[in-house]
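Please read the structure below before turning to the comments.
Source: prediction; values computed, not measured.
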Amino acid sequence: MKIGVLGTGNMADALATQWVRAGHEMFVGGRDEQKAQRLATRIGGGAGHGSLHAAVGFGEVVLAALPYGAGADIVREHQSALKGKVLLDCANPVGPGFRLLTEGGPSAARQLAAAAPGAHVVKAFNLCHEDVWRMTPPVFDGQPLSVPICGDDEVALALARKLVRDMGCEPVAGGGLDRAGLLEATAALFIGLWVAEQADVRAIAPPLACATGPRAESA
């Protein structure tokens, strides 16, 4: 599929590189078009480069690899061109002290949806450091990484699931876009535990077989 990338940072680099390897057509857009050109050259695969507007026009799917606080403004500038397109949001609104910056207000994903009401926003890829997305594939203890996704449009979700699988990961339904804030809050919690406590967050949850409590033995 054709994917336009808004942004030239590490997440744009990691995700776009994987999708080029999977055979997708990429176009990198940035306010600094020289940075966009350097990233397009680095990811290879004949990736195009140019302005943010050109990236939006190119993609049937548009990755918003943008810092929280800038994303909604940039999306608003291109809302008419985003109408009917899938808009993937991987931003984490996490500030100093691992504080969730959206607390008391709409999630980062809902802010993008409000800025481009004609787009189909999907929240995904926000729970891992960019170097995890560079792994080919991200597999831990023999198990592919699961990637929760949130969104309201089934066609958009299907495309997002394909992009997850193309990275060697497994998509997990996270619910509608109203639940995207839970993913963002989870990221804030996990980052704080990883960085401040050096804790393995996988140890927080019990195995699936025990998740709902002990089961009665069959008679």
Side-chain angles (χ1 to χ4, degrees), residues 1 3-20 22 24 26-30 36 39 43 52 55-56 59-75 78 82 85-95 98 100-102 106-116 119-135 137-138 145-153 156-157 159-177 179-191 194:
M1 69 183 76
I3 304 172
V5 180
L6 305 182
T8 57
N10 290 330
M11 283 293 287
D13 187 345
L15 294 172
T17 297
Q18 292 284 29
W19 291 331
V20 162
H24 297 292
M26 308 297 302
F27 189 104
V28 180
L39 177 54
I43 66 177
L52 294 167
V56 171
E60 59 186 297
V61 173
V62 178
L63 172 67
L66 301 164
Y68 175 69
D73 290 339
I74 290 174
V75 165
H78 301 91
L82 283 164
K85 300 198 175 194
V86 179
L87 182 61
L88 286 178
D89 173 37
C90 63
N92 275 326
V94 180
F98 314 108
L100 188 65
L101 298 176
T102 57
S107 66
R110 292 294 289 268
Q111 290 177 40
L112 291 191
H120 303 302
V121 177
V122 176
K123 187 79 184 188
F125 303 109
N126 73 304
L127 292 183
C128 295
H129 188 274
E130 61 265 14
D131 285 344
V132 172
W133 304 124
R134 297 183 200 278
M135 297 175 67
L145 182 70
S146 293
V147 180
I149 58 177
C150 293
D152 295 329
D153 182 83
L157 289 169
L159 291 175
R161 288 192 292 267
K162 175 171 175 50
L163 291 174
V164 169
R165 292 191 179 103
D166 285 345
M167 298 186 68
C169 301
E170 288 296 325
V172 176
L177 199 65
R179 293 175 63 84
L182 299 179
L183 281 184
E184 295 170 6
T186 299
L189 174 65
F190 280 12
I191 294 168
W194 284 324

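Closest non-hydrogen pair, A115 versus V75, comes out as CB-CG1, 4.0 Å. Listed here is the closest heavy atom pair of V5 and A12: CG1-CB, 3.6 Å. Across every non-hydrogen atom of L15 and C90, the tightest pair is CD1-SG, 4.5 Å. The minimum heavy-atom distance linking A55 with V28 is given by the pair CB-C, 4.4 Å. The nearest pair of heavy atoms linking G29 to L52 is O-CD2, 3.4 Å. Closest approach of A109 to V121, counting heavy atoms only: O-CG1, 3.8 Å.
Atoms NE2 and CG, from H120 and L177 in turn, are 12.0 Å apart once rounded to the nearest 0.5 Å. Distance CG/L82 to CG/L6: 7.0 Å, rounded to 0.5 Å. We find the NZ-CG distance between K123 and L88 to be 10.5 Å, quoted to the nearest 0.5 Å. Atom CD1 of I149 sits about 8.0 Å away from atom CZ of F125, to the nearest 0.5 Å. Annotation: the span from D166 atom CG to H24 atom NE2 amounts to 3.5 Å, rounded to 0.5 Å.
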Kindly determine whether E184 and D89 satisfy side chain to side chain contact (heavy atoms under 4.5 Å, CB included), including the steps that lead there.
CA-CA 11 Å; E184 295 170 6; D89 173 37; 4.1 Å; yes
Please assess D131 against M135 for the test side chain to side chain contact (heavy atoms under 4.5 Å, CB included), listing each intermediate value before the final yes or no.
CA-CA 7 Å; D131 285 344; M135 297 175 67; over 6 Å; no
Take L145 and W133 through the side chain to side chain contact (heavy atoms under 4.5 Å, CB included) test and state the conclusion after the steps.
CA-CA 10 Å; L145 182 70; W133 304 124; 3.7 Å; yes
Applying side chain to side chain contact (heavy atoms under 4.5 Å, CB included), run through H78 and K85 and close with a yes or a no.
CA-CA 12 Å; H78 301 91; K85 300 198 175 194; over 6 Å; no
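Atom CZ of R134 is surrounded by more than 12 heavy atoms from other residues, nucleotides or ligands within 6.0 Å.
Applying the side chain to side chain donor-acceptor pair (under 3.5 Å) rule to R165 yields no partners; only residues at least two apart in sequence or on another chain are considered.
Of the candidates L127, V164, L163, V164 is the only one forming a side-chain contact (heavy atoms from CB on, under 4.5 Å) with V147.
Residue pairs satisfying the side-chain hydrogen bond (donor to acceptor under 3.5 Å, both in side chains) criterion with at least one member in residues 11-20, sequence neighbours excluded, are listed as follows: D13-T17, D13-R42.
Side-chain contact between H129 and W194 is absent, with no heavy atoms from C-beta onward closer than 4.5 Å.
Checking side-chain atoms of R161 against main-chain N and O of P171 turns up no donor-acceptor pair under 3.5 Å. At distances below 3.5 Å, at least one donor-acceptor pair connects side-chain atoms of N92 with backbone N or O atoms of N126.
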Could you list the donor-acceptor pairs under 3.5 angstrom formed by side chains in residues 61-74, with sequence neighbours left out?
from: Y68; atom 1: OH; to: Q111; atom 2: NE2; distance (Å): 3.0
from: D73; atom 1: OD1; to: R76; atom 2: NH1; distance (Å): 3.1

